[in-house]
Amino acid sequence: MSLDTDVMRAVLSGNAPLAEHFKEYYRVFHTEHESATETGLSEFVDERGFATYERIAATVDLEQAARVLEIGCGDGALLQRIIAIRPAVRVSGIDLSEVEIARAAERLPAENVEQLVVGCAEGLPFAEAKFDAVVSHLMLMLVPDASQVIGEARRVLKKGRSFVSVIARMGEPESPSMQLLREIPQWIRELHPAYAPVNPGDSRIWRDDTLRELFTSNGFEHVEFDDFIISRSISSKVLPELLEQRYYIGSLPPETRAHVNVRAREWAGDRNFVYQEAMRTLIAR
Ligand SMILES: C[S@@+](CC[C@H](N)C(=O)[O-])C[C@H]1O[C@@H](n2cnc3c(N)ncnc32)[C@H](O)[C@@H]1O
């Protein structure tokens with residue numbers, strides 16, 4: 001159950017989780033939350049009505065991409081969309097969750113799949129210059145050393161080809177969803193007074209200069225950022241379902257989750273509000 005991870009035990013008791021415990025956390029979370037990322041995000045759209053999956057799939061230069069690798073592919077939601085755009089593509093995916101890789105194998109047409117591997121982004125089990133494109137969708141900000149992962153992406157990419165990655169972004173203007181996310185730790189502390197929110201991943205991801213440096217120091221010559229907002233109109237009825245799909249909130253003990261849901265419904269009241277998330281596409285070659 002939810003508490004059976006070192007990460008949740010640490011955050012609920014106010015301690016900083018150890019970097020080496022996050023992989024176990026992601027494995028447990030994704031086993032318990034089937035299609036969490038897709039369920040949580042596919043109805044959030046940008047200014048043109050595209051969800052992040054469609055947006056990244058449209059960014060990859062698929063005309064020439066015969067072999068595409070997704071790092072942290074989860075259950076194959078993005079690879080499925082890439083195959084829909086280019087039916088002749090050969091896709092590979094790697095994820096640390098065995099359950100997610102099994103779901104991807106079930107979901108994707110066998111004739112398009114080259115390799116689906118349970119493994120870590122920090123050491124890709126693929127030959128140098130094997131891929132025409134490498135993608136990742138909402139995983140790069142999860143790893144403690146992003147440099148290792150970016151270096152591995154460069155190694156397995158053909159020369160001059162692109163690594164396209166969507167990550168979350170901080171520092172947007174005040175919005176109802178930001179207010180909500182600030183409130184939630186207070187509600188959790190009503191039951192777990194020592195609760196300390198977790199801020200995982202590599203801190204260099206969150207600043208433009210250090211993020212750019214992560215790519216250039218790993219052999220990428222051009223790095224572009226494409227920043228955008230995705231949003232969805234939310235009622236208090238669907239809010240609990242949405243919060244359930246978020247890391248940490250979705251792993252709280254059942255009574256804490258129920259308490260957060262009550263508070264969230266009270267907070268939302270009768271109104272619909274616009275839930276926004278700030279996103280960034282990174283295109284590096
Ligand atoms: C937010 S989910 C996104 C899944 C998928 N890309 C999608 O958008 O539907 C992040 C994924 O990254 C995987 N992940 C996290 N750290 C990883 C690592 N170090 N190596 C491989 N996979 C990792 C998790 O298991 C999870 O499936």
Side-chain angles (χ1 to χ4, degrees), residues 33-66 68-89 91 93 95 100 103-104 107-109 112 131-142 153 161-173 175-178 180-181 205-206 208 211 215 222-235 238-239 241-247 272-285:
H33 296 77
E34 188 167 353
S35 296
T37 316
E38 193 179 19
T39 308
L41 268 190
S42 54
E43 288 183 47
F44 280 77
V45 293
D46 68 8
E47 70 288 355
R48 289 173 301 164
F50 291 116
T52 49
Y53 290 107
E54 279 71 37
R55 187 156 172 145
I56 187 172
T59 308
V60 183
D61 182 8
L62 286 170
E63 277 314 307
Q64 296 183 47
V68 176
L69 167 69
E70 182 179 3
I71 304 177
C73 64
D75 66 358
L78 173 60
L79 292 176
Q80 187 180 47
R81 286 155 170 93
I82 289 177
I83 292 167
I85 296 178
R86 192 172 199 273
V89 73
V91 299
D95 199 285
E100 288 288 64
R103 289 175 185 145
R107 170 181 201 157
L108 301 174
N112 291 101
F131 295 101
D132 302 284
V134 174
V135 296
S136 79
H137 183 252
L138 296 174
M139 81 76 62
L140 202 54
M141 68 283 180
L142 304 179
R161 304 315 301 268
S162 301
F163 176 28
V164 184
S165 181
V166 168
I167 60 172
R169 184 164 52 92
M170 283 181 188
E172 275 311 295
S175 66
S177 35
M178 281 178 68
L180 170 69
L181 294 177
I205 287 281
W206 304 111
D208 289 6
L211 177 58
F215 283 89
H222 303 280
V223 189
E224 288 167 39
F225 300 159
D226 174 25
D227 292 348
F228 59 102
I229 301 277
I230 50 171
S231 56
R232 176 179 168 185
S233 174
I234 299 287
S235 68
V238 299
L239 191 51
E241 188 200 331
L242 206 69
L243 295 178
E244 175 69 27
Q245 311 306 332
R246 292 188 75 100
Y247 288 136
N272 270 28
F273 71 98
V274 178
Y275 194 127
Q276 292 184 321
E277 298 266 12
M279 294 283 162
R280 163 170 282 181
T281 307
L282 303 163
I283 306 161
R285 61 185 168 273

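Counting begins at 1 with the first residue of the sequence. No hydrogens, no waters, no symmetry mates; every other heavy atom, side chains included, goes into these values.
Listed here is the closest heavy atom pair of A51 and S42: CB-O, 3.6 Å. Among all heavy-atom pairs drawn from A58 and I85, the shortest one is N-CD1, 4.4 Å. The minimum heavy-atom distance between D132 and R161, with the atom names listed, is O-CB, 3.2 Å. Taking all atoms of both residues into account, the shortest heavy-atom contact from E70 to S136 is CG-CA, 4.3 Å. When all heavy atoms of L242 and G40 are compared, the pair lying nearest together is CD1-O, 3.8 Å. C73 approaches L79 most closely through the heavy-atom pair CB-CD1, 4.1 Å.
In this structure D95 satisfies the salt bridge (Lys or Arg N to Asp or Glu O under 4.0 Å) test with no other residue, sequence neighbours excluded. V45 is linked by a side-chain contact (heavy atoms from CB on, under 4.5 Å) to nothing, counting only residues two or more places apart in sequence or in another chain. In terms of the side-chain contact (heavy atoms from CB on, under 4.5 Å) criterion, residue partners of P109 (sequence neighbours excluded) are, by chain and number, I83, E111, N112. Under the side-chain hydrogen bond (donor to acceptor under 3.5 Å, both in side chains) criterion, S175 pairs with S177, not counting sequence neighbours. With sequence neighbours left out, the salt bridge (Lys or Arg N to Asp or Glu O under 4.0 Å) criterion links R55 to D46, E47, D226. The side-chain contact (heavy atoms from CB on, under 4.5 Å) search around E244 returns H33, R257, not counting sequence neighbours. E241 pairs by the salt bridge (Lys or Arg N to Asp or Glu O under 4.0 Å) definition with nothing, not counting sequence neighbours. With sequence neighbours left out, the salt bridge (Lys or Arg N to Asp or Glu O under 4.0 Å) criterion links R285 to E224. Looking at residues two or more places apart in sequence or on another chain, you find no side-chain hydrogen bond (donor to acceptor under 3.5 Å, both in side chains) involving T37. Listed by chain and residue number, nothing satisfies the side-chain hydrogen bond (donor to acceptor under 3.5 Å, both in side chains) test with Y53 (two or more places apart in sequence, or in another chain). Under the rule for a ring-ring contact (aromatic ring centres under 6.0 Å, His included), the partners of Y247 that lie at least two apart in sequence or sit in another chain are Y26, F29, H30. Partners of Q245 under the side-chain hydrogen bond (donor to acceptor under 3.5 Å, both in side chains) rule, at least two apart in sequence or in another chain, do not exist in this structure.
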Which is it for E277 and T52 under the side-chain contact (heavy atoms from CB on, under 4.5 Å) test, yes or no, and what are the steps along the way?
CA-CA 11 Å; E277 298 266 12; T52 49; over 6 Å; no
Audit row: L211, W206, side-chain contact (heavy atoms from CB on, under 4.5 Å) steps and yes/no:
CA-CA 7 Å; L211 177 58; W206 304 111; over 6 Å; no
Please test V166 against L140 for side-chain contact (heavy atoms from CB on, under 4.5 Å), starting from the C-alpha separation and ending with a verdict.
CA-CA 8 Å; V166 168; L140 202 54; over 6 Å; no
Would you check, one step at a time, whether the test side-chain contact (heavy atoms from CB on, under 4.5 Å) holds for I167 with M279?
CA-CA 6 Å; I167 60 172; M279 294 283 162; over 6 Å; no
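Partner of D75 under the side chain to side chain donor-acceptor pair (under 3.5 Å) criterion, out of R103, R107, Q80: R107 alone.
Contact annotation: the side chain of H222 never approaches that of F215 to less than 4.5 Å [non-hydrogen atoms, C-beta and beyond]. Residues V68 and F131 fail the side-chain proximity criterion, which asks for heavy atoms closer than 4.5 Å. Side-chain contact between V134 and V164 is absent, with no heavy-atom pair separated by less than 4.5 Å. The shortest distance between side-chain heavy atoms of L239 and L180 falls below 4.5 Å.
The residues R280 and D208 are annotated as salt-bridged, a charged nitrogen and a carboxylate oxygen being separated by less than 4.0 angstrom.
Side-chain N or O atoms of R81 include one that pairs as donor or acceptor with a backbone N or O of A77 at under 3.5 Å. R169 places a side-chain N or O within donor-acceptor distance of the main-chain N or O of F228, the cut-off being under 3.5 Å.
Remark: R232 fails to qualify as a cation-pi partner of Y275 under the 6.0 Å distance and 45° angle criteria applied to the six-membered ring.
Neither side chain, H137 nor S165, offers a donor N or O lying under 3.5 Å from an acceptor on the other.
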